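The residues of the chain are indexed from 1 along the displayed sequence. Here the structure is a predicted model, which means the values were calculated and not measured.
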Amino acid sequence: YYHTDHHWTTMGAQAAYGLWAQATGHTARAYGLTEATDSFRGTLYSKVLLPDSPYDTVSIASDAAIRSMDCDGQVSDSLYSMAALEEKDHYKIFMGGNYAKVVIDTGANTGKSLLVVKDSFANSFLPFLVKDYDTITVLDLRFYREGVQPLADQADDVLVLYELTNFAADKNLYKLNKS
């Protein structure tokens with residue numbers, strides 16, 4: 001975890017990916033990490049605002065290339081929004097933030113698709129999945145208003161990835177049963 005934020009660092013997400021791969025029968029791939037910034041102060045810092053709080057480093061898996069990513073109609077050719085480094089919330093480097101629905105076309109040619117139901121915790125984890133699936137559809141139930149079941153029916157695999165206290169308190173999980 002970051003010193004000043006409640007999310008996984010990229011190294012933490014990569015370690016979780018290794019465990020996920022092992023548990024699901026996938027082969028964990030090695031991704032090189034590149035430092036994107038060494039001046040990140042996250043949500044915990046914003047609550048306390050101690051001026052001598054340490055800065056965190058944010059890294060990216062620079063070899064996690066994709067064909068395209070559609071975030072609620074905003075199309076990009078990268079999982080990373082480097083413009084976020086000019087904003088206060090550097091964690092938005094991962095996908096540019098949170099969206100109701102994201103569709104990632106990876107170009108991996110695996111013949112498989114994945115549905116991910118998540119909170120912001122999963123944003124740093126998603127890049128590690130791009131070589132395992134052709135298409136990754138990502139839903140954030142805080143914002144998503146349509147039926148989830150049709151997307152689950154089309155997917156080869158489904159991953160629910162939340163920070164535990166967020167999952168326990170999420171009042172939107174009923175949407176998983178919505179057609």
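With a 4.5 Å cut-off on side-chain heavy atoms, Asp170 and Asp119 do not count as touching. Annotation: side chain of Ile93 is in contact with side chain of Met82 (closest heavy-atom distance under 4.5 Å). The shortest side-chain heavy-atom distance between Leu176 and Val117 falls under the 4.5 Å cut-off. Residues Val138 and Lys101 are not in side-chain contact: their nearest non-hydrogen atoms beyond the backbone lie 4.5 Å or more apart. In this structure, the side chains of Leu129 and Tyr17 come closer than 4.5 Å at one or more pairs of heavy atoms. You'll find the side chain of Trp20 stays beyond 4.5 Å of the side chain of Leu161, heavy atoms only. Annotation: side chain of Asp157 is in contact with side chain of His26 (closest heavy-atom distance under 4.5 Å). In this structure the side chain of Thr24 never reaches within 4.5 angstrom of the side chain of Leu159, judged on heavy atoms.
Residue Thr9 holds its OG1 atom at 8.5 Å from CG of Asp56, rounded to the nearest 0.5 Å. With rounding to the nearest 0.5 Å, the separation of NZ in Lys175 from CD in Gln149 is 16.0 Å. Here the straight-line distance linking atom CG of Asp132 with atom OG of Ser113 works out to 12.5 Å at 0.5 Å rounding.
No hydrogens or angles considered: a donor-acceptor pair under 3.5 Å links the side chains of Thr110 and Asp134. Using modelled atom types, one finds a donor on one side chain and an acceptor on the other under 3.5 Å when comparing Asn98 with Lys118.
Cluster annotation: Phe125 is not connected to Val158 through the hydrophobic network of ILVMFWY side chains, with a link wherever side-chain heavy atoms come within less than 4.5 Å. Each of Val103 and Leu139 belongs to its own hydrophobic cluster when Ile, Leu, Val, Met, Phe, Trp and Tyr are linked at side-chain heavy-atom distances under 4.5 angstrom. In the hydrophobic clustering of ILVMFWY residues, with side-chain heavy atoms under 4.5 Å counting as a link, Val58 and Leu85 come out together. Cluster annotation: Phe128 and Tyr133 are assigned to the same hydrophobic cluster (Ile/Leu/Val/Met/Phe/Trp/Tyr, side-chain heavy-atom contacts under 4.5 Å, transitive). Tyr91 and Leu126 fall within the same hydrophobic cluster, where Ile, Leu, Val, Met, Phe, Trp and Tyr residues are linked whenever their side-chain heavy atoms come under 4.5 Å apart, directly or through other members.
Around the CG atom of Asn177, the shell of radius 6.0 Å holds no more than 12 heavy atoms that belong to other residues, nucleotides or ligands. Crowding of Gln22 atom CD: a count of heavy atoms from other residues, nucleotides or ligands under 6.0 Å not exceeding 12.
Between the side chain of Asp105 and the main chain of Arg67, no donor-acceptor pair closer than 3.5 Å is present. When atom types are taken as modelled, the side chain of Tyr80 and the backbone of Ser62 share no donor-acceptor pair closer than 3.5 angstrom. For the pair Ser59 (side chain) and Thr10 (backbone), a donor-acceptor distance under 3.5 Å is absent. A donor-acceptor contact shorter than 3.5 Å is absent between the side chain of Tyr99 and the backbone of Gln74. Distance alone, capped at 3.5 Å, places no donor-acceptor pair between the Asn123 side chain and the Met95 backbone. Panel note: side chain Glu35, backbone Thr57; no donor-acceptor pair is recorded below 3.5 Å.
Of all heavy-atom pairs spanning Arg142 and Ser120, the tightest one is NH2-N, 3.6 Å. Closest approach of Leu114 and Val116 over heavy atoms only: CD2-CG2, 3.5 Å. Pro127 and Leu79 get closest at one heavy-atom pair: CA-CD1, 3.6 Å. Across Ile60 and Ala36, no two heavy atoms sit closer than the pair CG2-CB, 4.2 Å. Ala28 approaches Gly18 most closely through the heavy-atom pair CB-CA, 4.2 Å. Between Thr137 and Leu151 the shortest heavy-atom distance is CG2-CD1, 4.4 Å.
Partners of Glu146 according to the salt bridge (charged side-chain N to carboxylate O under 4.0 Å, His left out) rule, which considers only residues two or more places apart in sequence or in another chain, do not exist here. Applying the ring-ring contact (aromatic ring centres under 6.0 Å, His included) rule to His90 yields no partners; only residues at least two apart in sequence or on another chain are considered.
Screening residues 142-164 for ring pair (Phe, Tyr, Trp, His ring centres under 6.0 Å) gives Tyr162-Phe167 as the qualifying pairs, with residues at least two apart or on separate chains.
Ion pairing between a basic and an acidic side chain is recognised when a charged N comes within 4.0 Å of a carboxylate O; Lys112 and Asp156 show no such pairing.
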